[in-house]
Amino acid sequence: VNVTLLLPAIQLRYILVLQCTSHFARNLSACHCLRSPKKRSPYVSVDSERYSSLVKTVMSSRVSSRTPETIQAEDENIFGPVVKTQTPSSRQDTRVPKTLHPFLHHEETVDPEELEGPGRSFVPSVTRILQQTLSPEQIFYLERWKKRMIAELGEDGFKEYTQNLFRQGNVFHSAVEDILTSGATQQEYPPDVQGYMESISHVLEDVRAVRAIESTVQHDTLNYLGIVDCVAYYRGVLCVIDWKTSEKPKPFLSNTYDNPIQVAAYAGALNNDGNYKYQVENGLIVVAYKDGTPAHAHQLSSELMLEYWNTWLLRLEDFTEQR
DNA sequence: GGATCCTTCTTCTTCTTC
């Protein structure tokens with residue numbers, strides 16, 4: 001863009017916007033600099049409502065000419081060839097599930113005993129299915145990340161790092177479970193989760209009438225099961241809630257990868273599980289941060305849930321096909 | 001009581017100048 005040709009006022013705008021875009025991608029404190037020169041904690045004071053569309057376009061569109069192919073070529077020079085060669089192809093947007101299963105439960109209930117025939121077939125879980133049906137692109141970036149981490153931390157260091165992440169996630173989950181079941185607003189937590197709990201405190205204020213916690217749900221007709229984090233009312237709407245810990249900020253739903261599909265899968269199972277007598281059409285993904293930064297809460301409307309439900313059906317199809 | 005399963009996370013780029 002030839003900025004010099006623009007009028008001074010517009011010119012200033014452009015510079016500001018360009019600065020915002022380049023900084024936003026990695027640090028959300030960007031637009032904060034427009035209002036105050038002082039540095040406070042990152043992305044607390046961002047007017048996210050105002051800039052959300054800007055940030056969204058910046059973060060969702062691929063600007064770079066680098067593709068998985070070119071990156072892989074570069075990496076091969078640095079790390080050597082990848083053992084399992086991928087040919088990344090974008091997942092088809094227009095695909096439709098072969099059989100459209102209802103998201104909501106329809107009247108006639110299927111007796112669970114009836115389904116558990118003598119074969120007692122294997123029932124895969126939501127996470128297993130999602131993990132085994134990742135797109136080639138997802139696999140590529142995950143492998144690249146892992147390779148880089150191992151290069152930096154070593155095999156053992158990496159193992160320790162991931163174990164620590166899992167441990168924190170687990171401790172956080174049980175802390176949330178405790179506070180939601182006891183109802184008490186205790187202030188003291190293990191030091192590991194103190195920040196996370198602080199992070200979600202503003203979300204917890206809007207959570208009422210918990211219906212289920214860490215409950216196993218199984219779809220009566222589709223062959224899968226899972227464990228739902230939480231079913232409760234969030235701002236007056238009954239939701240399947242998924243609590244997440246994250247090192248990086250995830251201000252947009254698109255930053256949460258397959259999490260929305262996971263939530264839709266749980267809701268669909270719940271709605272078609274004879275053990276549960278209610279229907280849940282909405283979802284909520286809460287991303288908590290260790291430093292206590294306010295968590296991002298992503299609401300999933302019933303329309304959105306239906307979209308992700310269809311995506312889930314596709315993944316389920318892929319999974320059964322590959323077996 | 002032991003074994004197995006589920007879940008817990010991890011990806012999405014750039015290198016220009018104040």
Side-chain angles (χ1 to χ4, degrees), chain A residues 1 3 12 14-16 18-27 30 33 37 55-68 70-72 74-75 86 88 90-91 120-132 134-150 152-153 157-177 192-193 196 213-218 224-230 242-259 262-263 265-266 269 285-290:
Chain A
V1 180
V3 183
L12 180 63
Y14 256 78
I15 292 166
L16 291 175
L18 288 172
Q19 286 202 339
C20 278
T21 57
S22 62
H23 283 87
F24 250 127
R26 91 193 122 187
N27 186 348
C33 64
V55 182
K56 205 171 234 171
T57 51
V58 171
M59 294 189 71
S60 60
S61 63
R62 182 165 291 152
V63 191
S64 168
S65 60
R66 298 176 85 207
T67 64
T70 66
I71 294 171
Q72 187 168 358
E74 289 167 23
D75 281 0
Q86 310 291 340
S90 54
R91 199 168 276 274
R120 188 179 282 270
S121 56
F122 161 72
V123 183
S125 70
V126 172
T127 30
R128 174 187 286 259
I129 294 164
L130 285 177
Q131 267 192 344
Q132 300 204 356
L134 290 169
S135 71
E137 228 156 335
Q138 283 177 297
I139 294 171
F140 169 81
Y141 285 116
L142 282 166
E143 297 253 306
R144 184 177 69 143
W145 169 81
K146 188 176 171 184
K147 223 162 35 177
R148 286 177 168 179
M149 291 299 280
I150 289 175
E152 200 179 312
L153 302 173
F158 178 70
K159 199 178 266 181
E160 206 182 306
Y161 169 76
T162 46
Q163 276 176 354
N164 196 39
L165 278 186
F166 288 162
R167 211 199 68 249
Q168 276 185 16
N170 284 321
V171 178
F172 169 65
H173 270 78
S174 32
V176 175
E177 190 179 341
D192 268 357
V193 287
Y196 289 123
I213 280 197
E214 298 284 329
S215 308
T216 303
V217 291
Q218 180 163 349
Y224 75 90
L225 59 78
I227 297 176
V228 188
D229 268 1
C230 178
D242 213 23
W243 310 98
K244 300 285 181 193
T245 60
S246 177
E247 309 234 281
K248 288 185 186 175
K250 293 184 168 117
F252 300 107
L253 188 61
S254 57
N255 301 130
T256 64
Y257 301 96
D258 287 345
N259 291 348
Q262 187 187 14
V263 170
Y266 287 150
I285 296 164
V286 183
V287 186
Y289 305 111
K290 190 171 190 172

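Proteins come first, then strands; the chains are lettered A, B, ... in the order of their sequence lines, and each starts at number 1.
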Can you check nucleotides 8-10 of chain B for protein contacts, nitrogen or oxygen pairs under 3.5 Å, and list what you find?
unit_1: dT8(B); atom_1: OP2; unit_2: Gln262(A); atom_2: NE2; d: 3.4
unit_1: dT8(B); atom_1: O4'; unit_2: Asn170(A); atom_2: OD1; d: 3.4
unit_1: dT8(B); atom_1: O2; unit_2: Asn170(A); atom_2: ND2; d: 3.0
unit_1: dC9(B); atom_1: OP1; unit_2: Thr245(A); atom_2: N; d: 2.7
unit_1: dC9(B); atom_1: OP1; unit_2: Thr245(A); atom_2: OG1; d: 2.8
unit_1: dC9(B); atom_1: O5'; unit_2: Thr245(A); atom_2: OG1; d: 3.3
unit_1: dC9(B); atom_1: N4; unit_2: Gln131(A); atom_2: NE2; d: 2.8
unit_1: dT10(B); atom_1: OP1; unit_2: Glu247(A); atom_2: N; d: 3.2
unit_1: dT10(B); atom_1: OP2; unit_2: Lys250(A); atom_2: NZ; d: 3.0

What is the distance, rounded to the nearest whole Å, between atom OH of Tyr224(A) and atom C1' of dC5(B)? 17 Å

What integer distance in Å separates Glu214(A):CD from dT7(B):P? 10 Å

For the residue pair Trp145(A) and Phe158(A), categorise the inter-ring angle as parallel (less than 30°), tilted (30 to 60°) or perpendicular (more than 60°). perpendicular

Indicate whether any N or O donor in one side chain lies under 3.5 Å from an N or O acceptor in the other, for Tyr196(A) and Gln168(A). yes

Side-chain donor-acceptor pair under 3.5 Å between Asn164(A) and Arg167(A), yes or no?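 Arg167(A) and Asn164(A) do have a side-chain donor-acceptor pair below 3.5 Å.
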
Counterpart residues, ring pair (Phe, Tyr, Trp, His ring centres under 6.0 Å), relative to Tyr266(A) (two or more places apart):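 Partners of Tyr266(A) under the ring pair (Phe, Tyr, Trp, His ring centres under 6.0 Å) test: none.
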
Phosphate oxygens OP1/OP2 of dC6(B): is one of them under 4.0 Å from a side-chain N or O of Thr216(A)? no

Scan Val228(A) against the nucleic acid and name what it touches under 4.0 Å (heavy atoms): base, sugar-phosphate only, or nothing.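 Since no nucleic acid heavy atom lies under 4.0 Å of Val228(A), the category is nothing.
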
To the nearest 0.5 Å, how far apart are CG in Leu153(A) and OG1 in Thr162(A)? 9.5 Å

With a 4.5 Å heavy-atom cut-off, do Ile227(A) and Val217(A) have their side chains touching?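 Heavy-atom side-chain distance check fails, nothing below 4.5 Å.
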
